[in-house]
Number of protein chains: 2
Amino acid sequence: MAGIKDVAAEAGLSVATVSRVLNGHPSVSEDARRRVTEAVERLGYRPNAVARSLRTDQTRTLGLVISDVMNPYFTELARSVEEEARALGYSVIIGNADERPDLQDHHVTTLLDRRIDGLLVSPTDGGSPGMLGAARAGTPMVFVDRWIPGVDVPVVRSDGRAAVRDLVAHLHALGHRRLAIIAGPAATTTGRERVDAFREALAAYGLELPDVYIGQGDFQAGSGRRVTEGFLDLAQPPEVVFAADNLMALGALDAVRARGLGVPDDIGLAAFDDIPWFVHTDPPVTAIAQPVRDLGRAAVRALVDRIEGGPGASVTLPARLVVRRSCGEGEPGIAISPSPVRRSTP
Amino acid sequence: MAGIKDVAAEAGLSVATVSRVLNGHPSVSEDARRRVTEAVERLGYRPNAVARSLRTDQTRTLGLVISDVMNPYFTELARSVEEEARALGYSVIIGNADERPDLQDHHVTTLLDRRIDGLLVSPTDGGSPGMLGAARAGTPMVFVDRWIPGVDVPVVRSDGRAAVRDLVAHLHALGHRRLAIIAGPAATTTGRERVDAFREALAAYGLELPDVYIGQGDFQAGSGRRVTEGFLDLAQPPEVVFAADNLMALGALDAVRARGLGVPDDIGLAAFDDIPWFVHTDPPVTAIAQPVRDLGRAAVRALVDRIEGGPGASVTLPARLVVRRSCGEGEPGIAISPSPVRRSTP
DNA sequence: CTGAAAGCGCTTACAG
DNA sequence: CTGAAAGCGCTTACAG
């Protein structure tokens, strides 16, 4: 593979000059620029990014450590992050933690060893040692979706509180009173927040959230299934189950179907995170939608700002309720929906 | 950030010795090994992978350029690739081509600039210039899922022919005769093969595949929607539509629903590529499942074999039909299914 | 077993 | 505007 020396020889110039035209340095003669361009063309030369990175101490690469690529929410987040990064001249390397702190640590370590310029992370737990170390070491970093309290890093996320309130209002208007939640891991902010928001919203209607109606999940389908089975086994099962993410909702659907029961007739279901498939599930699932694309974009912008020495401001975007038919809404247009709720078109 | 020199100073040894213990070189005294290990520990030293790569001319990184991350099939493939690569001591950088040849080229160029050790690609079209160049330049490479005829690179893929035959047998047994297909891009092997296999299978029953029953899609949901609308507009619409991937099936579902029609009563639907959501769509979708995990694993193994100078054998794995209810199967157990078909449990 | 030195492919003051 | 030279952080013959 041709190196910069070959180009220099071919162009009859020094490597310094070649490097200058490659990097668009202004003080190069028109003639030199032309000769180098031609030599590059002839040789099919491509600069070695590894050597360049070593020399300049920047890789133009961002690391993205997400909790679970198979979760459509994170897949879309990753896509949006890559898109925005590319627009800003960065590549991104994705690390999939699979909701496992040890894997998360493996990825941040690997990414740091590769000297990425900045790190975007959606922490799987309270913070694995490697991640905390990175934050302390001053690696430019921003949290997306989930974050770690007490760690001084900008946070780009969606606030679901209002949407959860809307959801509870919606369920209450439908006549439901026994509401349960499949929670995410307590070690994650989103895991805690969604339960808290749900509990508060219930309280506003004088409703309780008893312990038996809080099932501990881990944001994966299997846990949604197990928790739902537990709810179904209760002497007094809940009327509606709110899954704190889309994968656990899938698991809940599995569990209900496995018993030969149906949604929403036997039990209602709502989910945090909206995905295209929810339109076509049986029944279509009422869900809370986050502005994923915007989150990805904002996260990259905040990180690049940090990399360039800026403050990297935190951003919080609202989520919104999308009403469909999994909570006993009946035919669209017939159910009474609370005022701030937007109804989705089928 | 501490460098190898700092470690050497701290340990009272030369950088050469430090490097040796870091790389597990045998000829190092026990004492030196201990002193280095301790110094590394004290300093929290981590080797700079960029410098190491420049020196050794290997990055221990694989590139994976896939057609569309948002397609659950490819998401799972990417996950499986990363898993196997990690087990073999490699990282993987994913490039999402989004079914766009220009983006595909951007990613292979970037990946090559970064001097990845090998490239896994599922080509978006007949082969973008950059990709062909990489193959010619001798970059260790393996095609996954899709491949380019005439390019001498191992191919790891699934053969859907038998499963498509099973599908057609299944549909025929159900009494369907007017069968249509939403094809993938003719520039892709999978796009062509699935149409060919479908046509051949029909021929075995003396059935034709008229041009009006071949809709040109691009493996994305929008095209599935458009093509299905076209089918629905026909004087004599097909009885069953076979979507060549899961995203186009999603689009087909959208189109049918938008007309206020239902699957399978008004029109049947089958899809290539099975995904967890197909169990919960309305109705559950009859689909052809590829052994995705195995494909990912096999692809990585073939690539690593090539990197290490081996031949990197091609691998072809069978796909299988999963019968559900979107083709008018009626209640499970009632429909007559052809012999080689495995029936899925709900 | 250990160290001094060369070199991987670039970029960038420094001097001219 | 151009080139010679140093140096980024490592690894690895080579010599001892």
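A note on names: the letters A, B, ... follow the listed sequences, proteins ahead of strands, and every chain is numbered from 1. Remember, predicted model here, so these are calculated numbers, not experimental data.
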*Considering only C:dT12, D:dC8, D:dC10, which nucleotide approaches the side chain of B:R55 most closely?*
D:dC10

*Closest nucleotide among C:dC1, C:dT11, D:dG9 to the A:V15 side chain*: C:dT11

*asked:* From CG of B:D113 over to C1' of C:dC10, roughly how many Å is that when rounded to an integer?
replied: 13 Å

*Just call it for A:S27: base, sugar-phosphate, or nothing, with non-hydrogen atoms closer than 4.0 Å on any strand.*
base

*How long is the line joining CG of A:L54 and C1' of C:dT11, in whole Å?*
11 Å

*Mind checking who D:dA13 pairs with, Watson-Crick or G-U wobble, both distances under 3.5 Å?*
none

*asked:* Does either side chain, that of A:R146 or that of A:S67, offer a donor lying less than 3.5 Å from an acceptor on the other one?
replied: yes

*Rounding to a whole Å, what distance do you find between B:I4:CD1 and D:dC8:P?*
14 Å

*Euclidean distance for P, C:dC10 against C:dC14 (whole angstrom)*: 24 Å

_Tell me which one of B:V92, B:L77, B:I94 satisfies side-chain contact (heavy atoms from CB on, under 4.5 Å) with B:E82._
B:V92

*asked:* Among D:dA4, C:dT2, D:dC8, which nucleotide has an atom closest to any side-chain atom of A:S14?
replied: D:dA4

*From the options B:V108, B:V142, B:L303, select the one residue that forms a side-chain contact (heavy atoms from CB on, under 4.5 Å) with B:L119.*
B:V108

*Mark yes when over 12 heavy atoms from residues, nucleotides or ligands other than A:D57 sit less than 6.0 Å from its CG; otherwise mark no.*
no

*Is any side-chain N or O of A:S53 closer than 4.0 Å to OP1 or OP2 of C:dC10?*
no

*Base, sugar-phosphate, or nothing: which does A:D57 touch, judged by heavy atoms less than 4.0 Å apart?*
nothing

*Does a nitrogen or oxygen in the side chain of B:N23 sit under 4.0 Å from OP1 or OP2 of D:dT11?*
yes

*For B:E30 and C:dT2, what is the distance between atoms CD and C1' respectively, to the nearest whole Å?*
15 Å

*What's the closest nucleotide to the B:T17 side chain, out of D:dC10, C:dG3, D:dT2?*
C:dG3

*Nucleotide of C:dC8, D:dC1, D:dG3 approaching A:L13 most closely (side-chain heavy atoms)*: D:dG3

*asked:* Taking the P atom in each of D:dA5 and D:dC1, what is the distance between them to the nearest angstrom?
replied: 23 Å

_Just to be sure I understand the rule, does A:R52 reach a base, reach only the sugar-phosphate, or reach nothing, if contact means heavy atoms closer than 4.0 Å?_
sugar-phosphate

_Spacing of B:N48 atom CG relative to D:dT11 atom C1', expressed in whole Å_ = 13 Å

*Remember a base hit wins even if backbone is also touched, and classify B:S19 as base, sugar-phosphate or nothing at under 4.0 Å, heavy atoms.*
base

_Can you measure B:D6 atom CG to D:dC10 atom C1' for me and round it to whole angstrom units?_
13 Å

*Could you state the CD-P distance from B:Q58 to D:dC10, rounded to the nearest angstrom?*
16 Å

_Quick check for you: among C:dG7, C:dT12, C:dC10, whose closest atom lies nearest to any side-chain atom of A:R20?_
C:dT12

_Can you confirm whether the side chains of B:S53 and A:R114 place a donor and an acceptor under 3.5 Å from each other?_
no

*Give none if D:dA4 has no partner; otherwise give the nucleotide forming a Watson-Crick or G-U wobble pair with it, both distances under 3.5 Å.*
none

